[in-house]
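Step one of this worksheet: look at the structure below.
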Amino acid sequence: MANIQIRKYRDDDAEAVKEIFTLGMSEHVPSSFMHLLKQPLTQMVLMCMFCALMTSSKSFLLPILAVTLLLAGARQFVVCMFNRYIDTSLRKDLNNISETYLTQKDSYFWVAESEGQVVGTVACLPNENAPECLELKRMSVRRSHRGMGIAKALCRTVAEFTRDRGYAAIVLYTSVVQTDAQKLYEHMGFEKIREFVVPELAARIMNFTLFEYKFYIQRDGISD
C-alpha cells in the first residue's frame, strides 16, 4: 500500500468523496438487475407474458418485443432505485460531512489519499439501535485503486478508533449484491448476524436483502 495516506476528512475533499460514493453505488446496478431477474416472481411474469402473447398473436415477434421492453423497464426500475438512494444520501449525511461526522461525539470520517488524490473513504458513528457499537459507513475505494489493501487499512482505522473510544463492537450493513464487500468483511473477522429485506416497496419487489455484520473489538483482531 505504497504512497497511501489515511487522514481526516477536509471540506475540500467533499466533491471527491461524493464522486467516489456515487460511482461505487452505480457499479451495483448490473448485479442488482441480475438479482431481480433471478427472482421467481420476475421469471413467472416474464414467462406468463411470453406464453399469453404467443398464444394470442401466433407470432414470435410480439412476445419477444414485449419481453424485451419489460426487461428494459425492469432495468430502468433498478437504476431509479439506486439513483433515489444516491440522491437521498447526498442530501443527508454527505451534504455536510463535517457537521455529520466531525462535530458529533464518537463520529469520524477518513479519506485515503494517493498522490494528492482521494481514492477511498470510510466513516463511523454511534449505532442508533446498539449504543455499545459504532457503525461503519461509507466504505468505498476507487476502482483504479482496488486490490491495494486500502479497504483493509480503512477497516483497521475504524477498529482502532472504536477501541480507543471504548466501544464493544463495530456493526455495518451491506447488501446481497455487494459480494466483494461481504468477502472483505468476512475475511477481516466480521460475523454476519442478521439478514432482512429493505422495507421500501421497490426493495421488497426485488427481494433486496441487507446483511448486518458485527465485529467484536475485545474478542477479535482485524485479520490481515
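Computed from heavy atoms alone, side chains included, the values below leave out hydrogens, waters and symmetry copies. Everything numeric here is computed off the predicted structure, so don't read it as measured data.
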Checklist entry - Which atoms form the tightest heavy-atom contact between Ile170 and Ala159, and what is the distance? => result CD1-CA, 3.6 Å

Item to check | side-chain contact (heavy atoms from CB on, under 4.5 Å) assessment of Tyr213 paired with Leu136 | outcome: CA-CA 10 Å; Tyr213 282 87; Leu136 185 152; over 6 Å; no

Checklist entry - Do Met49 and Leu70 have side-chain heavy atoms sitting under 4.5 Å apart? => result yes

Item to check | Heavy-atom pair of closest approach, residues Ser26 and Pro30 | outcome: O-CD, 4.1 Å

Checklist entry - Val17 and Val111: side-chain contact (heavy atoms from CB on, under 4.5 Å), yes or no, with the steps? => result CA-CA 8 Å; Val17 169; Val111 299; 4.0 Å; yes

Cut-off 3.5 Å, no hydrogens considered: what does the side-chain donor-acceptor table look like for residues 195-209, sequence neighbours left out?
from	atom 1	to	atom 2	distance (Å)
Asn207	ND2	Gln39	OE1	3.3
Thr209	OG1	Asn207	O	3.4

Checklist entry - Going by an N to O cut-off under 4.0 Å, is there a salt bridge joining Arg138 and Asp93? => result yes

Item to check | Flag side-chain contact, heavy atom, 4.5 Å: Pro126 against Ser107 | outcome: yes

Next on the checklist: To the nearest 0.5 Å, what is the distance between OG on Ser31 and CG on Leu36?
Outcome noted: 11.5 Å

Checklist entry - Is there a side-chain contact between Lys38 and His35, using heavy atoms and a 4.5 Å cut-off? => result no

Checklist entry - So how far is it from Leu134 CG to Leu125 CG, rounded to the nearest 0.5 Å? => result 8.0 Å

Checklist entry - Could you give the distance from CE (Met54) to OG (Ser59), rounded to the nearest 0.5 Å? => result 7.0 Å

Checklist entry - Side chains of Thr121 and Asp13: closer than 4.5 Å at any heavy-atom pair? => result no

Checklist entry - Any sub-3.5 Å donor-acceptor pair from Gln43's side-chain atoms to Leu37's backbone N or O? => result yes

Next on the checklist: Using the salt bridge (charged side-chain N to carboxylate O under 4.0 Å, His left out) criterion, which residues pair with Arg194? Sequence neighbours excluded.
Outcome noted: Glu212

Next on the checklist: I need the Arg91 CZ to Ile86 CD1 distance, nearest 0.5 Å.
Outcome noted: 12.0 Å

Checklist entry - Are Ile193 and Ile217 connected, step by step, through hydrophobic side chains (Ile, Leu, Val, Met, Phe, Trp, Tyr) whose heavy atoms are closer than 4.5 Å? => result no

Checklist entry - Hey, do the aromatic rings of Phe109 and Tyr9 have their centres closer than 6.0 Å? => result yes

Checklist outcome for this item: Between the OG atom in Ser140 and the CE atom in Met25, the distance rounded to the nearest 0.5 Å is 9.0 Å

Checklist entry - Can you find a heavy atom in the side chain of Glu191 that is under 4.5 Å from one in the side chain of Tyr216? => result yes

Checklist entry - Below 4.5 Å, heavy atoms only, C-beta onward: do Ser98 and Asn96 meet side chain to side chain? => result yes

Item to check | Minimum heavy-atom distance between Leu46 and Leu71, given as atom pair plus value | outcome: CD1-CD2, 3.9 Å

Checklist outcome for this item: Besides Leu65, the hydrophobic cluster formed by Ile, Leu, Val, Met, Phe, Trp and Tyr side chains linked at under 4.5 Å, directly or via other members, contains Leu69

Checklist entry - Leu210, Val171: one ILVMFWY side-chain cluster at the under-4.5 Å cut-off? => result no

Item to check | Residue pairs passing the side chain to side chain donor-acceptor pair (under 3.5 Å) test where at least one lies in residues 125-136, sequence neighbours excluded | outcome: Asn127-Glu135

Checklist entry - Can you name the closest pair of heavy atoms from Gly120 and Ile20 and give their distance? => result N-CD1, 3.9 Å

Checklist entry - Is Met47 reachable from Ile64 through a run of hydrophobic residues whose side-chain heavy atoms are each under 4.5 Å from the next? => result no

Checklist outcome for this item: Across all chains, not counting sequence neighbours, the salt bridge (charged side-chain N to carboxylate O under 4.0 Å, His left out) partners of Asp11 are none

Item to check | Cluster link Val79 to Leu90, ILVMFWY, side chain under 4.5 Å | outcome: yes

Next on the checklist: How about CZ on Arg10, more than 12 heavy atoms from neighbouring residues, nucleotides or ligands closer than 6.0 Å, or not?
Outcome noted: yes

Checklist entry - So which heavy atom on Lys18 is nearest to which on Asn95, and how close? => result NZ-O, 4.4 Å

Checklist entry - What is the distance from atom OG1 of Thr103 to atom NZ of Lys105, rounded to the nearest 0.5 Å? => result 14.0 Å

Checklist entry - Do His28 and Ser175 come within less than 4.5 Å of each other through their side chains, counting heavy atoms only? => result no

Item to check | side-chain contact (heavy atoms from CB on, under 4.5 Å) between Phe215 and Met188, worked out | outcome: CA-CA 9 Å; Phe215 178 83; Met188 301 196 73; over 6 Å; no

Checklist entry - Does the pair Leu23 and Arg143 meet the rule for a side-chain contact (heavy atoms from CB on, under 4.5 Å), with working shown? => result CA-CA 9 Å; Leu23 291 176; Arg143 181 187 288 272; over 6 Å; no

Checklist outcome for this item: Scanning both residues in full, the closest heavy-atom pair of Thr162 with Ala169 reads CG2-O, 3.8 Å

Item to check | Note, Leu172 side chain near Val158 side chain (heavy atom, < 4.5 Å) | outcome: no

Item to check | Hydrophobic cluster partners of Leu61 (side-chain heavy atoms under 4.5 Å) | outcome: none

Checklist entry - Between Trp110 and Tyr108, what is the ring plane arrangement, given parallel below 30°, perpendicular above 60°, and tilted in between? => result tilted

